[in-house]
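Reading through the structure tokens given below for one structure.
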Amino acid sequence: MSASHSVASGSPVRVRFAPSPTGYLHVGGARTALFNWLFARKLGGKFLLRIEDTDKARSTDESTAAIFEGLTWLGLQWDEEVVYQGGNLERHRRDANAMLERGLAYRCFCTPAELDERRKSAERAKTAFKYDRRCDRLDKDDLARRIAAGEPSVVRFRVADGATAWHDLVHETISFPNKDIEDFVILRSDGTPIYNMAVVSDDIAMGITHVMRGDDHISNTPKQILLYQALGASLPVFAHFPMIHGLDGKKLSKRHGATAVADYQHLGILPEAMNNFLALMGWSPGGDLEVMTRDDMIERFSTDHLLRKASVFDTKKLEWMNGQHLSRLTGDALVAAMTPSFIAAGLFADAAAVQAVHDWFATVLEDCKERARTTDQLVELARPFFPGQPLVIDTAAAAKHWADPAQAMEWLQAVRAHLAALTDWTDASIEADLKALATELGVGASPLFQATRIAVTGRGVGISITKTIFRVGREVSLANIDSALTHLAEQSAA
RNA sequence: GGCGCUAUCGUCUAGGGGACUAGGACACGGCCCUCUCAAGGCUGGAACACGGGUUCGAAUCCCGUUAGCGCUACCA
């Protein structure tokens, strides 16, 4: 068994998130990035970002931009300039060639078609295919002749006998018999590096001390360890996180609906809640603590509590958690967190417009926040408080609470008269007055308040209706009741 | 097929030999609060995959079985 001594424990921590830009930033990637970020923050290390764009056919600039956007939204800021793997091709090639020159790797002239054929026949014979090293047995003259003839060749790494093992931060010891690892390709016939080669070369060059990624990379790890050793570099510490699956237990994919972090951003989820929820997929602070801020998580994060089991992404709990974070936000933080959503909803032109009415806005948010689970819901809850909102009647709510239009009109007229005559305009006095009116009319407060709610806000749900009336003011309340009355009159006439 | 990883309520998890008649949270049901919706409080049902060991004692340690997932490319 080969020694797998790790980097000196005293050296500053450097971790990286290394996505390939072949799509949006999905929740699994975000979770991996989060753990790396948390780890770096906890230990006072650096969190780096590397874009693995060596697959030219599948990599796109849009994907790279989406990854930046997603990480930025989550607040997972990287500490140094972004590294583009494609920019390091020369070094990858140099490192591979160094191994070739030192006899640790060899040229292979077998064509993809030949390999494919051998693989197929192995399958037919029901035996495991493994490259048979025939090109490693080429004699010197033959080799020289074929190189001189310009025959295309790849570079293969020669895997020695023995076993390769490491101490994984989440899995303890993992060991692979080397006989199960074939002499893998490190350089394609066009001279470009294969994944494992590029990763190891870059991780060494970037001084990565801890390689923490999804456990789908476990079987790549022994190959990478072999490369580190061949290159004479000290090994990083490895940690392999479990995967995140969909409700059906399968690896998360588009079939499962929203899997991009951007989807959740647009669904009204707070980055703080997203991080919190993601952190709990494969990690726990121990005990019963669940709702945490980013600082809470940094403080408590430890690789000791990393789980090994894949977890299922259940958005129900995400929504609940979002509601928790929403109600904990106050003052400026609440205003700041909600500003983008309100601008997107067209309720404010820009951030300056928000600042102009900052205190009023903060009060409205404070009133509404506990009733909302998502920022989208909060926007809708707060909408009636914005000046100039047309009264849009929710037909389902009207059907329920204005079931008898004639009676609804009678009630609303009474409410209107009371509000118009009220001298003391406070939440408490409005409530007392309308409750007295309900008694006077011989109805419960609930049906009267609900009927009034629709008249004033158009909706069947919202915060306390008396508080709403108080806040939007007498003028708007009466105007809305008037249009509700008109609406009801037209309806009964039709 | 080969190799590897994993296995506690439907879901996220606590648990690291006795404190376990297995705790919390989401979801679901009931009750309370209540002007609706939330929030909150109380409450109900709901799990250690199976089989062998080790031990005075196992959810916890070991082995096997089963199942799921991953890798098995001149993809990353």
Side-chain angles (χ1 to χ4, degrees), chain A residues 18-20 22 52-55 57-59 85 108 110-112 115-116 119 122-123 125-130 152-156 168 171 174-177 179-182 184-190 192 194-196 198-199 214-222 240 242-243 245 247 249-251 277 280-291 304-305 307-321 323-324 327 368-373 377 381 397 400-401 431 434-435 438 444-454 459-467:
Chain A
S20 47
T22 53
E52 312 220 314
D53 55 354
T54 52
D55 185 343
R58 294 197 301 153
S59 301
Q85 191 158 65
C108 170
C110 299
T111 66
L115 257 10
D116 198 45
R119 211 168 270 127
E123 200 173 316
K126 291 196 191 301
T127 58
F129 174 79
K130 190 179 151 194
S153 66
V154 299
V155 175
R156 278 183 192 275
D168 194 278
H171 295 276
I174 300 182
S175 175
F176 283 80
K179 67 171 173 52
D180 292 325
I181 307 169
E182 73 171 356
F184 54 97
V185 174
I186 53 178
L187 230 46
R188 298 188 184 92
S189 51
D190 66 0
T192 58
I194 229 69
Y195 175 71
N196 286 124
V199 166
D215 68 15
D216 49 342
H217 284 289
I218 286 181
S219 37
N220 279 322
T221 305
H240 289 93
M243 302 275 86
H245 289 163
L247 259 351
K250 300 262 193 281
K251 192 171 171 176
F277 183 67
L280 260 18
M281 313 240 82
W283 174 71
S284 157
D288 295 336
L289 184 64
E290 293 206 301
V291 181
D304 294 345
H305 285 85
L307 260 31
R308 315 206 253 243
K309 192 184 68 162
S311 44
V312 173
F313 195 79
D314 180 5
T315 52
K316 277 279 180 16
K317 192 160 182 174
L318 206 208
E319 273 194 26
W320 166 80
M321 187 159 274
Q324 295 295 313
S327 9
C368 300
K369 70 179 186 183
E370 226 167 53
R371 299 182 139 73
R373 287 195 146 196
Q377 287 169 3
L381 244 15
K400 188 173 175 191
H401 300 290
E431 181 174 352
L434 292 187
K435 277 194 170 152
S446 181
L448 182 68
F449 280 27
Q450 279 303 89
T452 305
R453 180 192 306 287
I454 298 172
R459 297 142 195 265
V461 301
I463 70 164
S464 156
I465 184 58
T466 55
K467 195 170 210 170

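Chain A is the first sequence line, chain B the second, and so forth, proteins listed ahead of strands; every chain is numbered from 1.
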Below 4.0 angstrom, N of the basic side chain to O of the carboxylate: do A:Asp314 and A:Lys317 qualify? no
Could you state the atom-to-atom distance from CD of A:Glu319 to P of B:A27 in whole Å? 9 Å
In whole angstroms, the gap separating P of B:G1 from NZ of A:Lys126 amounts to 8 Å
Donor-acceptor pair, distance only, cut-off 3.5 Å: does the side chain of A:Asp168 make one with the backbone of A:His240? yes
Classify every nucleotide of nucleotides 28-50 of chain B by which part a protein heavy atom approaches to under 4.0 Å, writing B for the base, S for the sugar-phosphate alone and - for neither, in 5'-to-3' order. -------BBBBSS----------
Heavy-atom pair with the smallest gap, counting every atom of A:Ser59 and A:Asp53: OG-CA, 3.5 Å
Take atom C1' in B:A27 and the same atom in B:G52, then report the distance between them in whole Å. 37 Å
Which atoms form the tightest heavy-atom contact between A:Leu434 and A:Leu448, and what is the distance? O-CD2, 3.7 Å
Any strand: nucleotide that pairs with B:C26 via Watson-Crick or wobble, under 3.5 Å: B:G10
Mind listing the closest non-hydrogen atom pair of A:Pro152 and A:Ser189 along with its distance? CB-CB, 4.3 Å
Tell me the closest heavy-atom pair linking A:Thr192 and A:Asp190, and the distance in Å. OG1-OD1, 2.6 Å
Spatial distance of atom CD1 (A:Ile463) from atom CG (A:Leu381) [nearest 0.5 Å]: 7.5 Å
Specify the separation, in whole Å, of atom CG of A:Leu289 and atom C1' of B:G23. 15 Å
Using purine N1 to pyrimidine N3 plus N6-O4 or O6-N4 for Watson-Crick, or N1-O2 and O6-N3 for G-U wobble, both under 3.5 Å, which nucleotide pairs with B:G45? none
G-U wobble or Watson-Crick pairing nucleotide for B:G16 (cut-off 3.5 Å, both distances): none
Under 4.0 Å protein heavy-atom contacts per nucleotide of nucleotides 9-16 of chain B, with B for base, S for backbone only and - for none: --SBSSS-
Quantified in whole Å, what is the P atom distance between nucleotide B:G16 and nucleotide B:U43? 25 Å
So which nucleotide does B:G70 pair with, by the Watson-Crick or G-U wobble rule with both distances under 3.5 Å? B:C3
Quote, to the nearest angstrom, the P distance that separates B:A22 from B:A47. 10 Å
Give me the distance, rounded to whole Å, that separates B:C69 from B:A76 when you measure between the P atoms they each carry. 25 Å
Audit row: A:Lys435, A:Glu431, salt bridge (Lys or Arg N to Asp or Glu O under 4.0 Å) steps and yes/no: CA-CA 6 Å; A:Lys435 277 194 170 152; A:Glu431 181 174 352; 2.9 Å; yes
Provide the distance between the two P atoms, one in B:C9 and one in B:G4, to the nearest whole Å. 26 Å
What are the two closest non-hydrogen atoms of A:His401 and A:Ala451, and how far apart are they? O-CB, 4.1 Å
What string of B, S and - do you get for nucleotides 70-76 of chain B, 5' to 3', when a contact is any protein heavy atom under 4.0 Å? SS-SBBB
Whole angstrom is fine here: how far is it from CG in A:Asp180 over to P in B:G1? 16 Å
Base partner of B:C50, which must satisfy Watson-Crick or wobble distances under 3.5 Å: B:G64
Name the pairing partner of B:G40, where a pair is Watson-Crick or G-U wobble with both distances under 3.5 Å, or state none. B:C32
Is any side-chain heavy atom of A:Arg371 less than 4.5 Å from a side-chain heavy atom of A:Val461? no
Contact class for A:Phe176 vs. all strands (heavy atom < 4.0 Å): base, sugar-phosphate, or nothing? sugar-phosphate
What integer number of Å spans the P atoms of B:G57 and B:G64? 23 Å
How close do A:Cys108 and A:Arg156 get, counting heavy atoms only, and between which atoms? SG-NE, 3.3 Å
Any side-chain heavy atom of A:Phe184 within less than 4.5 Å of one from A:Asn220? no
I'd like the C1' distance from B:C48 over to B:A58, given in whole Å. 11 Å
Please report the distance separating the P of B:A38 from the corresponding atom of B:A59, rounded so that it comes out in whole Å. 41 Å
Assign the ring pair A:His217 / A:Tyr195 to parallel, tilted or perpendicular, where the plane angle (0 to 90°) is split at 30° and 60°. parallel
